[in-house]
Amino acid sequence: MPWYSLVTIAVSAAMSVLMLYQIVIGVFSLRKPRQIKPGGYIHRFALVISARNEELVIGNLIDSLIAQDYPRESYDIFVIADNCSDHTDAAAEAKGARVFVRNDTQHVGKGFALGWFFQLFLSQYRGQYEAIAIFDADNLVDRGFLAEMNAQLCAGEVAVMGYRDSKNPYDNIVSATLSMSFWFVSRFYLYPRYQLGLTSPASGTGYVFLARLIDQGWHTNTICEDLEFTLQLALQGERIGYTSFARFYDEQPVNLKISLIQRFRWAVGCYQNVRRYVVPMMHKKPAASVRMRYDMLIYLLFQPACSLQLLVTIVNIVCILLVHPFHQWYAWLYPLLVPSVIGLAGMYLQTVLILSFEHKWSWRILPGALVFPFFLVSNAFVYLLAMFRRTVFWHPIVHKRSMDMNQLDHK
């Protein structure tokens, strides 16, 4: 058997092990989520919003935060107006938020903005807040978000990821597939890990943590600051919990190019974290967190492993076409075709399960559901291209969907 076929078999076998592990983890998503009892203690929250040119949408987010079913005196809203060229700061101040204006074109990105903000925050407000929540300016937040997060903290969690829903799943196929990807992650990645006592990775926005976790400041250096923060907590033996009862809504891009730019940035950030944290995650103590850390390693390496399998498969196909005569192509390509068809069928099954478990069935989501498996495959191509980039410039995603909670359409 030629070397390229042997390499393909070896990589595919390793990928099968990772897939089997994720399937076993996913079995625990079958259990229906149950809401815990309300907390007996009222934590004081600092709600932090990082915003860049978000004048059109930030007011609606602040309105949804002010409308929380939680004592208004027990939380304050902070906005980082990060390198804004519009009136984001004025729009946020008009709604009663405390605004911190940042102008730094050398250190661009949300991680840098959070690091800058928390340095000021800790010097001015240390000890005044027990918990911190992170939001993006395009979010909307359900009324029960803070009450549920408070209950989770009272139950012993030190950090909790909420349920990331979509403001615009029915706009077009692009927004539909991105919405489904977040539903998929919430149900089959975050929830079962919470059930098993593992960490549920933070997802950019909609998560809370005890203020003591950043007593020494916010120190992320990759373009995926949320994933890096998760890994840093894991190295300290701290996990992030998860609840589907603290729901927030995120605006999804409707432009394919913007979607690809966004996903490419996330992929580059993933590789930055791989290079920075794989070795520490394998060797760092305490031993009590070894199960959680190794699970995070698998989570961290899964998408790069998919891209590696794609690369090896492409090399295998090219070698077959170049080395073997035309009449032998089918015999050599058939072993690659069968698992590909099985994999595609499995992704369609995943699609059905997502829409069923999350109660998202609608004729309007059908076009997105039909192409969702191909969206998943496209991620492998995105990560394959990102494999060869060590850094990427952070470009903000323009948000234009100015809507309030009453305008959400999820029927």
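Sequence positions, counted from 1, serve as the residue numbers for this chain.
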Practice item. Starting from the C-alpha separation in whole Å, work towards a yes-or-no answer on side chain to side chain contact (heavy atoms under 4.5 Å, CB included) for Ile66 and Ile62. Key: CA-CA 6 Å; Ile66 291 174; Ile62 295 174; 3.8 Å; yes
Point to revise | Evaluation steps, side chain to side chain contact (heavy atoms under 4.5 Å, CB included), between Gln68 and Phe45 | key: CA-CA 12 Å; Gln68 290 290 296; Phe45 285 89; over 6 Å; no
Exercise for review: Before giving the answer on side chain to side chain contact (heavy atoms under 4.5 Å, CB included), spell out for Glu157 and Tyr194 the whole-Å C-alpha distance, their side-chain angles and the decisive distance to 0.1 Å.
Suggested key: CA-CA 11 Å; Glu157 300 290 352; Tyr194 168 72; 3.4 Å; yes
Exercise for review: Apply side chain to side chain contact (heavy atoms under 4.5 Å, CB included) to the pair Ile317 and Leu333, showing each step before the final yes or no.
Suggested key: CA-CA 7 Å; Ile317 292 174; Leu333 293 175; 4.2 Å; yes
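A 4.5 Å side-chain heavy-atom check between Arg44 and Asp76 finds at least one atom pair inside the cut-off. With a 4.5 Å cut-off on side-chain heavy atoms, Gln272 and Val268 count as touching. Using a 4.5 Å heavy-atom threshold, the side chains of Val274 and Gln303 count as separate. Contact check for Cys84 versus Asp86: side-chain heavy atoms found under the 4.5 Å cut-off. At least one side-chain heavy atom of Leu336 sits less than 4.5 Å from a side-chain heavy atom of Asn316. With a 4.5 Å cut-off on side-chain heavy atoms, Phe357 and Tyr191 do not count as touching.
Ser356 places no side-chain N or O within 3.5 Å of a backbone atom of Leu353 that could act as its donor or acceptor partner. Checked by atom type and distance alone, the side chain of Ser175 pairs as donor or acceptor with a backbone atom of Asn168 at under 3.5 Å. Using a distance-only test at 3.5 Å, with no hydrogens or angles considered, no donor-acceptor pair links the side chain of Asp69 to the main chain of Gly144. Although no hydrogens or angles enter the test, the distance criterion places a donor-acceptor pair under 3.5 Å between the side chain of Ser64 and the main chain of Leu61. When atom types are taken as modelled, the side chain of Gln309 and the backbone of Ser12 share no donor-acceptor pair closer than 3.5 angstrom. The main-chain N or O of Leu355 is never found under 3.5 Å from a side-chain atom of Trp183 such that the two would form a donor-acceptor pair. Arg164 contributes no side-chain N or O that, together with a main-chain N or O of Thr205, makes up a donor-acceptor pair within less than 3.5 Å. Side-chain atoms of Asn53 come within 3.5 Å of backbone N or O of Ser85 as a donor-acceptor pair. Between the Arg187 side chain and the Ser29 main chain, a donor and an acceptor come within less than 3.5 Å of each other. Of the possible donor and acceptor atoms, none in the side chain of Asp142 sits under 3.5 Å from a partner among the backbone N and O of Ala246.
More than 12 heavy atoms of other residues, nucleotides or ligands shown are found within 6.0 angstrom of CD on Glu93. Around CZ of Arg72, the count of heavy atoms belonging to other residues, nucleotides or ligands within 6.0 Å exceeds 12. Environment of CZ in Phe28: sparse, with no more than 12 heavy atoms of neighbouring residues, nucleotides or ligands closer than 6.0 Å. Atom CE of Met19 has 12 or fewer neighbouring heavy atoms from other residues, nucleotides or ligands inside a 6.0 Å radius. The 12-atom threshold is not exceeded at CZ of Phe381, counting heavy atoms of other residues, nucleotides or ligands nearer than 6.0 Å. By the 6.0 Å contact criterion, CD on Gln216 is open, its count of non-hydrogen atoms from other residues, nucleotides or ligands being 12 or less.
If you take SG on Cys224 and CG on Leu300, they are separated by 10.0 Å, rounding to the nearest 0.5 Å. Distance check: Gln252 CD to Met180 CE gives 12.5 Å after rounding to the nearest 0.5 Å. Annotation: the span from Ile173 atom CD1 to Leu178 atom CG amounts to 12.0 Å, rounded to 0.5 Å. Note that CG of Leu213 is 8.5 Å distant from CD1 of Ile132, once rounded to the nearest 0.5 Å. Atoms CG and CG, from Asn60 and Leu65 in turn, are 11.0 Å apart once rounded to the nearest 0.5 Å. Atoms OG1 and CG, on Thr230 and Leu235 in that order, are 11.0 Å from each other to the nearest 0.5 Å.
A donor-acceptor pair shorter than 3.5 Å can be found between the side chains of Ser307 and Tyr271. Using a 3.5 Å distance cut-off with no hydrogens or angles, the side chains of Asn273 and Thr222 do pair a donor with an acceptor. Side chain to side chain, Gln152 and Glu148 meet the donor-acceptor criterion of an N or O pair below 3.5 Å. Side-chain polar atoms of Tyr277 and Gln232 form a donor-acceptor pair below 3.5 angstrom.
When all heavy atoms of Val57 and Ala137 are compared, the closest pair comes out as CG2-O, 3.6 Å. Residues Ala51 and Glu54 share a closest heavy-atom pair of CB-CG, 3.9 Å. Summarising the geometry of Ile36 relative to Ala151, their closest heavy-atom pair is CD1-O, 3.4 Å, with the distance given to 0.1 Å. Between Gly111 and Glu225 the shortest heavy-atom distance is CA-CB, 3.8 Å. Scanning both residues, Leu122 and Ile214, for their nearest heavy atoms gives CD1-O, 3.3 Å. Across all non-hydrogen atoms, the minimal contact from Tyr242 to Gly162 is CE1-O, 3.7 Å.
Classification of the Phe121-Phe118 ring pair by plane angle, with boundaries at 30° and 60°, yields perpendicular. Using the six-membered ring where Trp is involved, Phe229 and Trp218 have ring planes that are parallel, under 30° apart on the 30 and 60° scheme. Below 30°, between 30° and 60°, or above 60°: for Phe117 and Phe100 the angle between ring planes is above 60°, a perpendicular geometry.
In summary, Asp82 and Arg52 do not engage in a salt bridge, as defined by a charged side-chain N under 4.0 Å from a carboxylate O. A salt bridge does not link Asp226 to Lys110: none of the charged nitrogens lies less than 4.0 Å from a carboxylate oxygen. Under a 4.0 Å N-O distance rule, the pair Arg212/Glu130 does not qualify as a salt bridge. Salt-bridge annotation for Arg193 and Asp295: present, with a side-chain N of the basic residue lying under 4.0 Å from a carboxylate O of the acidic one.
When each of Tyr249, Tyr70, Phe135 is tested with Phe145 by the rule ring-ring contact (aromatic ring centres under 6.0 Å, His included), just one qualifies, namely Phe135. Each of Tyr75, Phe78, Phe209 was compared with Tyr129 under the ring-ring contact (aromatic ring centres under 6.0 Å, His included) criterion, and only Phe78 meets it.
Separation of the Phe372 and Tyr348 ring centroids does not fall under the 6.0 Å cut-off. Aromatic pair Tyr21/Tyr294: centroids not less than 6.0 angstrom apart.
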